[in-house]
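Written below as structure tokens is the structure these notes are about.
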Amino acid sequence: MSVIERCLELSSKVKLVIYKSNIDHEYRCVFDKLKVDLVWVEDDYAALNTYKKEKPDWILFGNSFKFLSSLSANTKTAQLGHGIGPKPSYYHKSSTPMTVRFMEGDIRLSKIQSMFPDDTFIQVGYSKLDPVFNGLEKGLNLADLALNPEKKTILYAPTFNPSSLECFPDDWPLDFAEFNILIKPHSFTYTIDQYAGQREKLKKWASYENVYVAGPEELSLLPHMVSADILLSEASSTLFEFVALDKPVVVCDFYKLKWSYRGIFHFRFKKRFGTDNVLYKDIGPHVNSYKKLREVVLDELNCPETYKAQRAQYTRDHVGPIDGLVSKRIVDYLIENA
């Protein structure tokens with residue numbers, strides 16, 4: 001939202017186009033608090049009709065869009081990634097060139113320029129983290145969440161697929177009873193029917209007094225990141241975001257694969273979630289089973305400097321500038337090149 005908020009500060013007219021298929025009806029009210037005009041569409045065709053009707057100066061896309069050539073000649077397009085994780089799709093979405101793509105860290109910029117040498121890429125940083133680094137994001141009030149502000153706080157932010165969530169025991173908060181535990185699920189865990197089993201896990205964990213489970217209405221991960229001392233996650237963009245705060249992460253290399261990624265179909269998993277584009281093996285310790293998790297968490301909290309140099313390198317390579325001014329750079333570019 002940082003880019004939208006910056007636009008609104010400058011009295012720019014902003015509309016947010018959201019695909020209905022991505023959000024169940026019961027959760028759509030969550031977006032009302034964004035204080036921006038919302039346009040709900042069924043698919044790319046409906047989105048295209050909206051863009052042709054509105055004729056905006058700029059459209060910012062989070063992913064690729066196959067109808068770029070059908071847009072108004074006066075409309076410019078920009079790609080602004082919604083994550084900085086290791087999936088190959090991060091790079092492949094630029095196969096359909098837009099007017100500009102805003103980039104984050106040094107190594108990402110270098111790689112994508114080599115893949116698409118004729119396109120325009122502008123390095124600005126990662127706007128999502130602006131509220132953390134400009135001081136606007138203060139974090140959670142742990143006491144208000146019935147947690148103990150005197151305790152160290154673990155943030156568990158599992159993705160939805162492949163997820164380690166199903167591999168955590170129902171009573172795992174007991175193994176970390178001396179810590180606060182913040183659990184911030186991926187939004188799809190709440191909004192997609194096939195992840196009902198994940199939701200059942202969350203209900204069980206929420207019953208423990210040292211646990212707070214974020215609900216679907218809590219869109220931003222940032223307050224949880226600011227309040228936490230350590231992050232547990234899988235191959236997720238969250239890992240890169242958290243190390244930019246110079247805090248330790250633990251990579252959960254144990255997760256449940258859906259049937260279409262198992263056995264003879266494992267090649268599909270490697271193809272979609274391969275890490276050739278972004279090697280994150282040194283971002284922090286990796287744990288290949290839940291049984292080993294507590295020991296590693298304790299080690300990292302007792303010696304948070306262990307991966308400090310690696311965190312700084314990953315921040316330069318993948319996140320980019322962390323001065324809290326990324327949104328300003330993006331919006332300044334849009335205005336100057338409208």
Side-chain angles (χ1 to χ4, degrees), residues 81-91 103-108 111 125-133 137 139 152-165 167-168 181-189 214 220-256 269 272-290 292-293 296-297 299-301 303-322 326:
H82 62 273
I84 44 176
K87 297 177 183 177
S89 60
Y90 173 91
Y91 297 93
M103 296 297 299
E104 302 88 15
D106 295 342
I107 198 169
R108 288 174 173 272
K111 183 172 181 62
Y126 189 47
S127 62
K128 177 179 176 179
L129 297 178
D130 273 355
V132 175
F133 293 106
E137 179 54 69
K152 292 283 189 180
T153 299
I154 297 171
L155 170 59
Y156 177 43
T159 189
F160 64 101
N161 176 45
S163 180
S164 60
L165 194 154
C167 299
F168 274 63
I181 299 176
L182 301 173
I183 301 177
K184 180 65 172 71
H186 192 285
S187 59
F188 285 173
T189 292
S220 177
L221 180 64
L222 296 185
H224 303 77
M225 291 172 56
V226 170
S227 300
D229 297 290
I230 190 170
L231 168 72
L232 317 180
S233 191
E234 310 94 352
S236 168
S237 176
T238 308
L239 294 167
F240 297 96
E241 298 166 11
F242 200 79
V243 298
L245 279 62
D246 194 22
K247 297 180 183 182
V249 301
V250 176
V251 185
C252 298
D253 282 341
F254 54 95
Y255 28 71
K256 179 181 178 181
F269 170 73
R272 181 174 182 188
F273 297 97
T275 57
D276 290 343
N277 289 324
V278 181
L279 299 177
Y280 61 103
K281 64 180 180 180
D282 298 322
I283 199 169
H286 289 238
V287 180
N288 59 20
S289 73
Y290 173 80
K292 300 177 181 179
L293 185 61
V296 174
V297 168
D299 285 346
E300 289 302 297
L301 287 174
C303 302
E305 303 297 303
T306 303
Y307 285 87
K308 185 177 180 65
Q310 291 92 326
R311 291 196 292 268
Q313 186 65 53
Y314 272 87
T315 299
R316 289 190 294 271
D317 289 347
H318 304 294
V319 180
I322 50 173
V326 180

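- Rounded to the nearest 0.5 Å, atoms OG1 (T153) and CD1 (I230) are 11.5 Å apart.
- R108 forms a cation-pi arrangement with F240, by the criterion of a distance under 6.0 Å to the ring centre and an angle within 45° of the ring axis.
- Between the side chains of E234 and T159, no donor N or O sits under 3.5 Å from an acceptor N or O.
- The two residues I322 and A244 have their closest heavy-atom pair at CD1-O, 3.9 Å.
- Annotation: salt bridge (Lys or Arg N to Asp or Glu O under 4.0 Å) contacts of D246 (sequence neighbours excluded): K308, R311.
- Remark: I154 CD1 to E300 CD distance equals 12.0 Å, nearest 0.5 Å.
- Remark: the backbone N or O of V326 is paired with a side-chain donor or acceptor of D130 at under 3.5 angstrom.
- Taking the ring pair (Phe, Tyr, Trp, His ring centres under 6.0 Å) definition, one finds that F242 meets it with nothing, sequence neighbours left out.
- In this structure, Y314 and V243 approach most closely via the heavy-atom pair CB-CG2, 4.3 Å.
- Atom CG in L155 sits 9.0 Å away from atom NZ in K247 (nearest 0.5 Å).
- Here Y307 pairs with nothing under the ring pair (Phe, Tyr, Trp, His ring centres under 6.0 Å) rule; sequence neighbours left out.
- Rounded to the nearest 0.5 Å, atoms NE2 (H186) and CG (L221) are 10.5 Å apart.
- Remark: T189 engages Q198 in a side-chain hydrogen bond (donor to acceptor under 3.5 Å, both in side chains) (not counting sequence neighbours).
- In this structure, the side-chain hydrogen bond (donor to acceptor under 3.5 Å, both in side chains) partners of D317, at least two apart in sequence or on a different chain, are Q313.
- Residues Q310 and T306 approach most closely at OE1-O, 3.8 Å, considering heavy atoms.
- Every side-chain hydrogen bond (donor to acceptor under 3.5 Å, both in side chains) that T238 has, sequence neighbours left out, goes to S236.
- A 4.5 Å side-chain heavy-atom check between V319 and E241 finds every atom pair outside the cut-off.
- Listed here is the closest heavy atom pair of V249 and P285: O-CD, 3.3 Å.
- In this structure, the separation between NE2 on H224 and CD1 on I183 is 10.5 Å, given to the nearest 0.5 Å.
- Residues meeting the side-chain contact (heavy atoms from CB on, under 4.5 Å) test with L222, sequence neighbours left out: K128, L129, P131, V132, E137, S220, M225.
- For T315, there are no side-chain hydrogen bond (donor to acceptor under 3.5 Å, both in side chains) partners, not counting sequence neighbours.
- F168 has its ring centre less than 6.0 Å from the ring centre of Y156.
- The minimum heavy-atom distance between P158 and L165, with the atom names listed, is CG-CD1, 3.8 Å.
- Relative ring orientation between Y290 and F254 is described as perpendicular, the plane-to-plane angle rising above 60° on a 0-90° scale split at 30° and 60°.
- The shortest heavy-atom contact between L293 and V250 is CD1-CG1, 3.9 Å.
- Between L245 and F133 the shortest side-chain heavy-atom distance falls below 4.5 Å.
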